[in-house]
Engineer: 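Let me begin by handing over the structure; questions about it come next.
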Amino acid sequence: MRKLINWRPAKGALAALGCAPFVLVLIAYMVASQARLEVNPNDKMLPAFASFSAAITRVAIEPDRRTGERLLWVDTAASLRRLGLAIAISAVIGLTLGMALGALPIAGASLSPLVAGVSLIPPLAILPILFIVVGLGELSKVVLICIGITPVITRDIEQRVREIPRELIVKAQTLGASTWQIMLRVVLPQALPRLVSALRLGLCSAWLFLIAAEAIAAESGLGYRIFLVRRYLAMDVILPYVLWITAVAYLTDYVLGWISRRAFRWHFLGQLQ
Amino acid sequence: MRKLINWRPAKGALAALGCAPFVLVLIAYMVASQARLEVNPNDKMLPAFASFSAAITRVAIEPDRRTGERLLWVDTAASLRRLGLAIAISAVIGLTLGMALGALPIAGASLSPLVAGVSLIPPLAILPILFIVVGLGELSKVVLICIGITPVITRDIEQRVREIPRELIVKAQTLGASTWQIMLRVVLPQALPRLVSALRLGLCSAWLFLIAAEAIAAESGLGYRIFLVRRYLAMDVILPYVLWITAVAYLTDYVLGWISRRAFRWHFLGQLQ
Amino acid sequence: DEIKPKFRVAWTVYVGWMPWDYAAQSGIMKKWADKLGIEVEIVQLNDYVESINQYTAGKFDGCVMTNMDALTIPAAGGVDSTALIVGDFSNGNDGVVLKGKDKLADIKGQRVNLVELSVSHYLLARALQSIKASEKDIKVVNTSDADIVAAASASDTTALVTWNPQLSEVKKLPTAHEVFNSSQIPGEIIDLMVVNSAKLKANPKLGQALVGAWYEIMELMSSPSPAGVAARTAMAKASGTDLAGFESQLKTTRMFYTPADAVKFTQSPALANTMQQVAEFSFMHGLLGEGAKSAGAVGIATASRTIGASANVKLRFDDSFMQQAVSVKP
Amino acid sequence: MCSVGFRGARFAGTSWGNYSSVAFLELTNVWQEYPDQVVLERLNLMLEAGEFCVVVGASGCGKSTFLRLLLGEERPSRGRVILDGKPLRDEPDAARGVVFQRYSVFPHLTALANVLVALEFKQAPLTARLFGRTRYAATKRAQAMLEAVGLGAAAARYPCELSGGMQQRLALAQALIAEPRVLLLDEPFGALDPGSRADMHVLVRDLWRRHGLTVVMVTHDLKEGFSLGTRLLVFDKVRHDPQAPNAYGSRVTYDLKLRTNPLTPMTHANRAAALRLASIVPGHAAPG
Amino acid sequence: MCSVGFRGARFAGTSWGNYSSVAFLELTNVWQEYPDQVVLERLNLMLEAGEFCVVVGASGCGKSTFLRLLLGEERPSRGRVILDGKPLRDEPDAARGVVFQRYSVFPHLTALANVLVALEFKQAPLTARLFGRTRYAATKRAQAMLEAVGLGAAAARYPCELSGGMQQRLALAQALIAEPRVLLLDEPFGALDPGSRADMHVLVRDLWRRHGLTVVMVTHDLKEGFSLGTRLLVFDKVRHDPQAPNAYGSRVTYDLKLRTNPLTPMTHANRAAALRLASIVPGHAAPG
Ligand SMILES: Nc1ncnc2c1ncn2[C@@H]1O[C@H](COP(=O)(O)OP(=O)(O)OP(=O)(O)O)[C@@H](O)[C@H]1O
Ligand SMILES: Nc1ncnc2c1ncn2[C@@H]1O[C@H](COP(=O)(O)OP(=O)(O)OP(=O)(O)O)[C@@H](O)[C@H]1O
Ligand SMILES: [Mg+2]
Ligand SMILES: [Mg+2]
């Protein structure tokens, strides 16, 4: 018998092993749902799979009775638009600020404490202030996400830029580079792969803030729908929505990862060393 | 003139530079508050400093007229208890699971995909489901925080454990170690510093989830109070509470960092190399 | 000795439901429960919808809610529920507010902030009916009740529907005008104590205890005596305002201080008509569940008549316990 | 093209183990194939107890793979490996000690604890920690081992507070306290500066003699091999297919007996062979 | 205890710069003090254009600090440094090229881009990028420089795809294309294996001769110093206070002229001095 630590599943078994827990979860759900429905056939808590497919047909394929829109797609488009805009804004601010704080000692000394402080404020707590300042429209949701993730991205980039070996900055100067040129050709390219990984991390929180914002004030969006149908306990809609959000989140993450590996080959080559 | 990138503030100027932005923010607030109060003396949005001190006296020093408790401290205690419990549970689960997933190929192959999937589900989206399953008591808040941060901690630890050079695991085996002994003496000590940094990162989200959970169901807690008084736009209570939360969050973070640096000296020595 | 049966009922902050807090704080609930040999725990929740969801999921045996939510959440979810106590109806506690405009007709084309699918939504629908308009003429923006005051302060918010205490905060804004309120549809937004029908049938003592405690407090609350003032002051505190603020909210609430009052309201045919309208509104907005083929999918039993499917009655207005209270004195 | 080394009297170690004097480690027709590549082919090798066997070869020719095979980290695709009469266990265990170029000591333990931990693994299966009297005794043994490699004064320091050479000394001490039957070294001095490298040569030679170890050492530095080993193996590809560079693996192309005792200089014949070799193996300096 | 080196005719580089032949780099009474420690004290030194000056000394004696001083990364606490008649600029600039032991090339640029970027810094102040014809010309120059260090075939590879030796070649190419007045090397071959190290010696000696460079090189390897330099400086502490080991700094304890041209062997007298030195400087092997 080999030690447990040396047990390696065969290539073929990998997929099966990875899928097994998902199948188990599914079975557990089916059993629990069955049990509840036997007690109360109208139970909304753990709907049967038939209810799910009906609900999915309703929200994804048939137009809504009231608005004539296909809800799932309208909601997805609305949420992704907000998310995309917020991520783009946060990326630009976080990158610029992070590079400045990390590479310029004078900027780091004066602004780092403020950014560190701001990053600790729970954004949900300052929502009322936000509403007053930017109103209740699309902007407020985008701003909430930005407030939530920009400080984290900024600090991440700052940290990364600080980790650039001092030798490289000196080397660039001995090649005649000015501060601006160093930022452009040394700091920026090395911060970019980190930006993508910071964004991938930030996406998790971004989804949270998006849902929180949509729960509070919205007319469409994935989070809006979940919190709306919560009013009548429509788990047959909530669960598919949650799974859909998870799938979309996974896809976004995957695409970012793929882009990053293609665009920053040097970075991933380096990690293997 | 030296290049901007070579400007280093003198030791003495550091503190002044770091404080300056905070002072500027304060001044900006005072000006804005003054302006609003001149237009409408009853404005609640940006209260004057006098209102703050009155509100702070009311919640922190005088006992509440109804319950006889000093609200701020009761709220802080309640929130910290929930947070502490949740962090402890998440740390234990995350550490155990992460170590197993990272060190045992067989565990990693079967459970990693599930953990990865679960970590992508935005916890706020399943909040309605959660309340149904675990009720509205203390448990639900703790569970929400745990659901929010455990997968992240688990994946972080897993990642870290995978990064332990294969050489060290082989070396331990050549010294006669069993799987259990390797976990105990090689993997665990190297995962611990990472656990602390994962917890420090996780605390940010933990606060978020705590506030979201307390907003919906609680009798006390910092998030509860903010959402309670939000109905009346009592910014004179909200703003000090937000600052207090920020301060407590900072303190927790600082204490964790301090403990970590003392307990894992080898880790921080290594980082300097 | 034997184990007493235990029950849990949930309540949330609202002017008409503050007596439940008082019942727990003053010990009146415990007195009645002890007398009947049961235990009743009164639990305050922060989030109204969540409290009803919890009740529907079976975590509570009773819960306060409006007539519309009783129909669309527990009843439509298959949980047979009984409206045990009809406590009050909103008589101005819910209102439509416009900023900068002062006629209801001006609402057309605006974005209206409100808690979607709640009684606010129903009030809006009724308001629109009164000016021969429909929901198509406006755009509904779902806005959480906790944030509606902040939302009202935002410059781009022009119209909103909400209830007290938020309503009174919103009305304080310089440009705000209340253009429609629930006093114009009296008796349509009703605040109830709803309990699980099966639980009630098995334990009538639960009904007796709740009703007994409620009307003891009602008598105290309506009295001008110092004890009455003290009770109202305590309720005011608990709802986050002072006595004056609380009494101004009471003015827009039609409380049924005596059981006889409540029984009379419950037995009137008007209640059946109201529930008919509510059922139609709920069906139109998909609140009765997707299985529902018509507004009558979920049956509602009132004293005067049964509305909708009599084979599927899930919401019952039962005045029998209140009638007992008419005769019984503690 | 394959020249078999000289056979003769072996240096008999003053060993603590009870080694047989012939065929201590035996590889018979061993192949190591990966899906995309053959790394080692048709390896036949007999090692006797107490030999100091140095393996050299071009980068990527499979030297580390060979060591991983001996470690039990990899199972050969074909063929058998026999250690002291029994088939080699197919996972690393205390029978084989190892020192890698890097990551050979535990960064989270002090120098002393790094050596002590080997005894703790052995004596405390459940807690992997010793207490009281047993701990005291074990600590004494560990400290003695540290003194033996010249780290007596650095017992309380963490590896990253030690120089590269000191870290490798520590790795040796740690490996030796577990009393392995055979010690495997994979470019142990590859990351050291010339000064420390020379010091380490002295230490390793000394430890080898005193503990009567059987050593297999991989190195890039032919000179190092000549000055330390009693036997030198050169790995190289014999067959080449320009269309499929990965189709064939390495074999032992030279197997050279250098001396019976590393303290004796090389024989004249060996020195000549070594010089010839140095001119053939690419990228290597001539032996000093 | 301080022996001043021999002075004599200097090797005249076929330089592209227009160097004066005396006191190209001059340090006068230079001290380097940190709050907790004196690192260098009373440094007086004159370097002529075209010299290849090697600095050796124990670890932590201040060799890198000395190079940082010449780089302009640190300002001396006292004293002055003159480069080519003007006070040294107190921040790194194109007048001084540098190669460190590690992190000397940009990991995010291919080998070609690493060299090209130096020209882009110079010719495109705003975008730091060249386009069209100027880019073509610059690329040609960069490629030629890569060929010169033997990396012509590796132009498209990223640094982490190159071996350690190739990375250092690249670092040299990059430094040289900026045409520095003086080239500073801080243990440039410290991380290389002996084979690559020998190749690099040949390359550096060749570049030095062809470009007529002035070089200051720090090394741990005395032998390397003897075989490359025209002049050897030994840094060491002259004064010691056992109570306060950081109270005194290092000085130049030996200043040895080795040869006028690195291709000529050392004179007999120098060889004797070198041997004597090797026995004094601790931890160093004798020169070959
Ligand atoms: N698990 C594996 N799967 C596939 N190929 C492998 C594996 N391990 C090693 N190889 C390949 O086997 C060959 C030999 O690798 P190995 O590390 O043994 O060489 P080496 O002689 O130690 O080289 P170096 O001197 O650079 O350390 C390499 O081409 C490597 O890519
Ligand atoms: N910025 C600084 N502040 C304080 N002390 C410093 C600073 N820089 C270097 N030192 C100290 O100066 C001394 C000399 O360091 P330096 O790096 O110059 O030594 P070195 O001769 O290059 O050593 P090595 O051979 O190990 O590279 C060391 O003791 C170091 O701790
Ligand atoms: Mg190898
Ligand atoms: Mg140095």
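Residue numbering restarts at 1 for every chain, and letters A, B, ... go by the order of the sequence lines. Below, each value reflects all heavy atoms present in this structure, side chains not excepted, and no hydrogens, waters or symmetry copies.
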Engineer: Which heavy atom of D/S77 sits nearest a heavy atom of D/E33, and at what distance?
Structural biologist: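 Smallest heavy-atom distance, with atoms named: OG-N, 2.7 Å.
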Engineer: Can you tell which of B/E167, B/K171, B/R166 makes a side-chain contact (heavy atoms from CB on, under 4.5 Å) with B/I169?
Structural biologist: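 Answer after filtering B/E167, B/K171, B/R166: B/R166.
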Engineer: Any idea which of D/Q174, D/K122, D/R96 has the most non-hydrogen atom pairs under 4.5 angstrom with chain B?
Structural biologist: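 Heavy-atom pairs under 4.5 Å are most numerous for D/Q174.
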Engineer: Could you tell me which portion of D/A124 (side chain, backbone, both or neither) has an atom closer than 4.5 angstrom to a non-hydrogen atom of chain B?
Structural biologist: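 Backbone of D/A124 only, per the 4.5 Å heavy-atom cut-off to chain B.
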Engineer: Have D/T134 and D/Q123 got a donor and an acceptor in their side chains that come within less than 3.5 Å?
Structural biologist: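 Looking only at side-chain atoms, D/Q123 and D/T134 do not form any donor-acceptor pair under 3.5 Å.
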Engineer: Please classify the contact of D/T127 with chain B as side chain, backbone, both or neither, using a heavy-atom distance under 4.5 Å.
Structural biologist: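 Just the backbone, heavy atoms under 4.5 Å.
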Engineer: Measure from the ring center of B/W207 to the ring center of B/W244 and say whether it is less than 6.0 Å.
Structural biologist: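 Not close enough - the centres of the two rings lie 6.0 Å or further apart.
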Engineer: Which bit of D/L184 is near chain B, if near means a heavy-atom gap under 4.5 Å: side chain, backbone, both or neither?
Structural biologist: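 For D/L184, no heavy atom lies under 4.5 Å from chain B.
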Engineer: Which atoms of D/F121 come close to chain B, meaning under 4.5 Å heavy atom to heavy atom: side chain ones, backbone ones, both, or neither?
Structural biologist: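 Both backbone and side chain.
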Engineer: Go through the structure and list residues passing side-chain contact (heavy atoms from CB on, under 4.5 Å) with B/L243, not counting sequence neighbours.
Structural biologist: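 Once residues adjacent in sequence are excluded, B/L243 has no partner under the side-chain contact (heavy atoms from CB on, under 4.5 Å) criterion.
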Engineer: Look at D/P92, D/G72, D/A178 and state which one has the largest set of heavy-atom pairs under 4.5 Å with chain B.
Structural biologist: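 Among the listed options, the one with the most contacts to chain B is D/P92.
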Engineer: What option among D/P107, D/G97, D/A95 has the most heavy-atom pairs under 4.5 Å with chain B?
Structural biologist: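 Ranked by heavy-atom pairs under 4.5 Å with chain B, first place is D/P107.
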Engineer: Taking side chain to side chain donor-acceptor pair (under 3.5 Å) as the definition, give me every residue that meets it alongside B/Q173, ordered by chain and number, with sequence neighbours left out.
Structural biologist: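 If we apply the side chain to side chain donor-acceptor pair (under 3.5 Å) test to B/Q173, skipping adjacent residues, the hits are A/K3, A/N6.
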Engineer: Find the one option among D/A171, D/A175, D/P125 whose heavy-atom pairs under 4.5 Å with chain B are most numerous.
Structural biologist: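 Max contact count across the listed options: D/P125.
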Engineer: Could you measure the distance from the CG atom of B/L222 to the OH atom of B/Y241? Nearest 0.5 Å is fine.
Structural biologist: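 B/L222 CG to B/Y241 OH: 6.0 Å, rounded to 0.5 Å.
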Engineer: Tell me, for B/L184 versus chain D, whether the close heavy atoms (under 4.5 Å) come from the side chain, the backbone, both or neither.
Structural biologist: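 The side chain, not the backbone.
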Engineer: Relative to chain D, which of B/L192, B/I182, B/V170, B/L168 shows the most heavy atom pairs under 4.5 Å?
Structural biologist: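 Among B/L192, B/I182, B/V170, B/L168, the one with the most close pairs to chain D is B/L168.
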Engineer: Could you go through D/L228 and D/R205, starting from their C-alpha distance and side-chain angles, then the distance that decides it, and tell me whether this counts as side chain to side chain contact (heavy atoms under 4.5 Å, CB included)?
Structural biologist: CA-CA 7 Å; D/L228 279 181; D/R205 200 184 282 144; 3.9 Å; yes
Engineer: Does any heavy atom of chain B fall under 4.5 Å from the side chain of D/Y103, the backbone, both, or neither of them?
Structural biologist: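 Both backbone and side chain.
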